[in-house]
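Okay, structure first, notes after.
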Amino acid sequence: MAKEHISVKHYLETLEDTVRQQWDQKALCDYEGDAFTYADVAKSIEQFRLFLVEAGITKRSKIAICARNCAHWAMTFWDVNVNECVAVPLLADFHPNSISSFTHHSDSVLLFTDKEIWEKLNPGQMPNLRAAINVKDRSMLWHRDEKVAEAWENREKAFAQKHPTGFMKEQVSYPSDNMDKLAIINYTSGTTGNPKGVMLTYGAISDTDAFSNSHFPNQPGETIVSMLPMAHMYGLAIEFIHPNVDGVTVYFLGKTPSPSTLLNAMQEVKPYMVVTVPLVMEKVYANSIKPALDKMKWLTAIPQARKAIYKFVRKKVLAAFGGQVRGFIMGGAALKPEVEDCFTKIRLPFTVGYGMTEACPLLGFEWCTEFVPGSCGKPVHDLRINSDDPRNVPGEIQVRGANLTIGYYKNPEANAAAFTDDGWFRTGDLGLLDEDNNIFIRGRIKSMILNSSGQNIYPEELEAVLSGCPYVSESLVVERKGRLVALVYPEIPGEESGVRSQESGEEERRRKEISELIRTTANKSLPVYSKINEVVFVDEPFEKTPKMSIKRYLYR
């Protein structure tokens with residue numbers, strides 16, 4: 001289906017303007033590490049262009065990037081993307097076999113990675129690959145093509161010959177006539193256990209940038225901390241591309257930070273916006289906000305005191321994140337009801353969005369001042385619920401829009417299943433749409449349980465109830481032999497991370513009592529047909545996707 005891009009400015013046009021106007025301003029920084037200006041970015045893009053010509057690598061060639069977040073990762077993305085090769089971001093946490101498989105499947109001719117990851121890969125599994133290059137120090141890790149190796153070795157000399165008096169901002173010129181051309185192939189692990197290469201165009205990225213500008217605009221000179229993996233579209237589009245093309249300095253934390261490292265970075269960087277997953281903010285709530293409110297619980301019973309206390313707590317939270325945050329954007333999973341209720345009471349400027357890789361990534365969003373708790377915003381583009389009564393009876397959420405994927409790379413079966421006969425994309429999510437157009441997610445179609453009496457049970461709704469029960473850190477509801485079983489990763493005082501060492505009879509009794517307490521507490525809030533039959537403790541946190549959604553298929 002042809003996509004229209006009426007009144008949408010190409011994000012590379014915006015980047016071109018920014019590079020020229022913010023030439024000496026910092027663009028990409030490693031927290032407590034390397035820093036690069038927009039001039040550095042422009043020179044790197046030009047040097048990469050000359051390398052591609054000398055190496056005989058043409059436009060539309062696929063180039064994979066697989067490494068931890070860092071300023072050099074971002075620089076490499078701009079090198080590839082601006083020069084109209086297809087970027088293939090791969091998660092550094094993927095299994096080595098998956099990295100090799102996706103690099104091969106995508107027909108990537110180059111792989112930018114790091115030494116540690118490369119040492120675990122087998123070039124024989126990637127016959128199309130011509131060279132592997134270290135993201136951080138730009139050294140050649142391996143090559144099977146002398147022409148590519150020579151062009152890479154001579155790239156700085158070629159740049160100096162082409163620009164003997166230096167590369168000037170007036171020479172910056174980026175393409176904008178490629179809206180319908182492929183820009184990214186993003187392999188997502190998802191929660192289905194069946195990864196696919198999602199194809200996204202320059203137009204899809206431009207559409208997401210335009211929407212972002214209309215709903216959470218930024219200003220040159222502002223800062224943001226990148227903590228999400230950029231090999232996932234949520235982090236790549238919202239935490240990097242959208243801010244950076246507008247002149248926002250992006251600081252990268254690298255590996256997943258501890259809470260103290262994260263807050264230290266926030267204090268120093270002072271971001272204008274925090275883009276994160278619910279799990280991070282739930283930890284902030286559990287470690288800081290809840291203990292503070294519990295200490296003043298008796299005061300919150302007094303209306304005037306309650307207002308003052310909530311204002312004080314809100315100020316403390318905002319100060320902890322640097323004091324400049326205009327909004328907290330959360331996505332990838334639902335926020336625990338208890339946490340969402342608290343954030344609403346203290347009037348924290350937060351919102352929970354809805355998206356998926358195939359939508360680059362936004363499907364639902366509303367700014368915090370208009371956000372309805374429990375929802376995930378309003379539709380970004382056309383959205384319908386495949387139900388006779390979309391306000392009361394959940395149906396599949398189906399969407400259309402210029403931000404959507406053009407399909408899955410070399411996967412006709414997945415493409416055929418992804419769209420309805422009349423051209424709407426099937427999200428696989430079940431939801432409702434209220435009278436004000438707010439989206440309410442009820443769960444994944446594949447997760448839905450049909451019980452013996454014909455009732456539809458949505459595990460996510462039961463898990464939301466469990467999240468408010470004592471001792472529950474994480475939970476997952478599954479059906480086993482016709483019974484509803486809640487798998488729970490517990491938080492039990494005296495047990496480190498919910499794991500026991502040598503269990504005594506007394507400890508076993510205590511755990512049985514706690515599991516029964518969780519079950520009975522949850523069932524008080526559940527209808528008869530969806531009451532939990534058994535609570536089973538697990539000793540490790542559930543495995544998760546980059547969006548921090550639990551990989552359900554592993555626990556069925």
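No experiment lies behind these values; they were computed from the predicted model shown. For the numbers below, each heavy atom of this structure counts, side chains included, while hydrogens, waters and symmetry mates do not.
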Any donor-acceptor pair under 3.5 Å from [X] side chain to [Y] backbone:
X: Thr223; Y: Val269; answer: yes
X: Glu358; Y: Val198; answer: no
X: Arg20; Y: Val172; answer: yes
X: Lys136; Y: Asp114; answer: no
X: Asn186; Y: Met199; answer: no
X: Thr201; Y: Gly203; answer: yes
X: Tyr234; Y: Gly331; answer: yes
X: Gln125; Y: Asn97; answer: no
X: Thr18; Y: Thr14; answer: yes
X: Asn154; Y: Lys157; answer: no

Taking the six-membered ring of Trp73 (Phe, Tyr or Trp), confirm whether the NZ or CZ of Arg68 is under 6.0 Å from its centre and within 45° of its axis.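 The answer is no, since Arg68 fails at least one limit relative to Trp73.
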
Does Lys196 make a cation-pi contact with Tyr408 (under 6.0 Å, within 45 degrees of the axis)?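 Ring-cation test returns yes.
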
Check whether any side-chain heavy atom of Glu119 lies under 4.5 Å from a side-chain heavy atom of Leu141, and answer yes or no.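 A side-chain contact under 4.5 Å is absent here.
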
Say whether Tyr202 and Asp180, considering side chains only, have a donor N or O and an acceptor N or O under 3.5 Å apart.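 There is no such pair between these side chains.
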
Between Arg130 and Ser108, do the side chains contain a donor N or O and an acceptor N or O under 3.5 Å apart?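 No pair is found: no donor N or O on one side chain lies under 3.5 Å from an acceptor on the other.
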
Closest heavy-atom contact between [X] and [Y]?
X: Ser226; Y: Asn69; result: OG-ND2, 3.5 Å
X: Leu52; Y: Asn83; result: CD1-CB, 3.8 Å
X: Trp367; Y: Arg326; result: CZ2-O, 3.5 Å
X: Leu335; Y: Pro278; result: CD1-CB, 3.8 Å
X: Asp207; Y: Ala402; result: OD1-CB, 3.6 Å
X: Asp209; Y: Val245; result: OD1-CG2, 3.8 Å

Does the ring center of [X] lie less than 6.0 Å from the ring center of [Y]?
X: Phe94; Y: Tyr187; answer: no
X: Phe542; Y: Tyr555; answer: yes
X: Tyr251; Y: Tyr31; answer: no
X: Trp78; Y: Phe240; answer: yes
X: His72; Y: Phe112; answer: no
X: Tyr174; Y: His10; answer: no

Just do the side-chain hydrogen bond (donor to acceptor under 3.5 Å, both in side chains) check on Tyr11 and Asn244 with the steps written out, would you? CA-CA 10 Å; Tyr11 67 98; Asn244 202 224; over 6 Å; no

Once you round to the nearest 0.5 Å, how far does [atom1] of [X] lie from [atom2] of [Y]?
X: Arg384; Y: Thr420; atom1: CZ; atom2: OG1; result: 5.0 Å
X: Phe167; Y: Glu46; atom1: CZ; atom2: CD; result: 4.5 Å
X: Glu396; Y: Thr427; atom1: CD; atom2: OG1; result: 5.0 Å
X: Glu239; Y: His232; atom1: CD; atom2: NE2; result: 12.0 Å
X: Met266; Y: Gln324; atom1: CE; atom2: CD; result: 13.0 Å
X: Ile224; Y: Ile238; atom1: CD1; atom2: CD1; result: 9.5 Å

Under the salt bridge (charged side-chain N to carboxylate O under 4.0 Å, His left out) test, residues paired with Lys162 that sit two or more places apart: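 For Lys162 there are no salt bridge (charged side-chain N to carboxylate O under 4.0 Å, His left out) partners, ignoring immediate neighbours.
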
Could I get the full list of salt bridge (charged side-chain N to carboxylate O under 4.0 Å, His left out) partners for Lys147, not counting sequence neighbours?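 Salt bridge (charged side-chain N to carboxylate O under 4.0 Å, His left out) list for Lys147, sorted by chain: empty.
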
Can you list every pair that meets side chain to side chain donor-acceptor pair (under 3.5 Å) and has a residue in residues 271-283, with sequence neighbours left out?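 Only Asn218-Tyr272 qualify under side chain to side chain donor-acceptor pair (under 3.5 Å).
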
Ring pair (Phe, Tyr, Trp, His ring centres under 6.0 Å), that's the test. Do Phe419 and Trp424 meet it? Break it down for me. CA-CA 5 Å; Phe419 294 89; Trp424 291 70; over 10 Å; no

Give the C-alpha distance, both sets of side-chain angles, the deciding distance and a yes or no for side-chain hydrogen bond (donor to acceptor under 3.5 Å, both in side chains) between Asp107 and Tyr409. CA-CA 10 Å; Asp107 301 311; Tyr409 192 60; 2.6 Å; yes

In terms of the angle between their ring planes, are Phe365 and Phe216 parallel, tilted or perpendicular, with boundaries placed at 30° and 60°?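 Correct class here is tilted.
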
May I ask you to decide if the ring planes of Phe211 and His215 are parallel, tilted or perpendicular, using 30° and 60° as cut-offs?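 Because their plane-to-plane angle is under 30°, the rings of Phe211 and His215 count as parallel.
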
Could you tell me whether Lys26 atom NZ has more than 12 heavy atoms of other residues or ligands within 6.0 Å of it?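 Open: at most 12 neighbouring heavy atoms sit under 6.0 Å from NZ of Lys26.
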
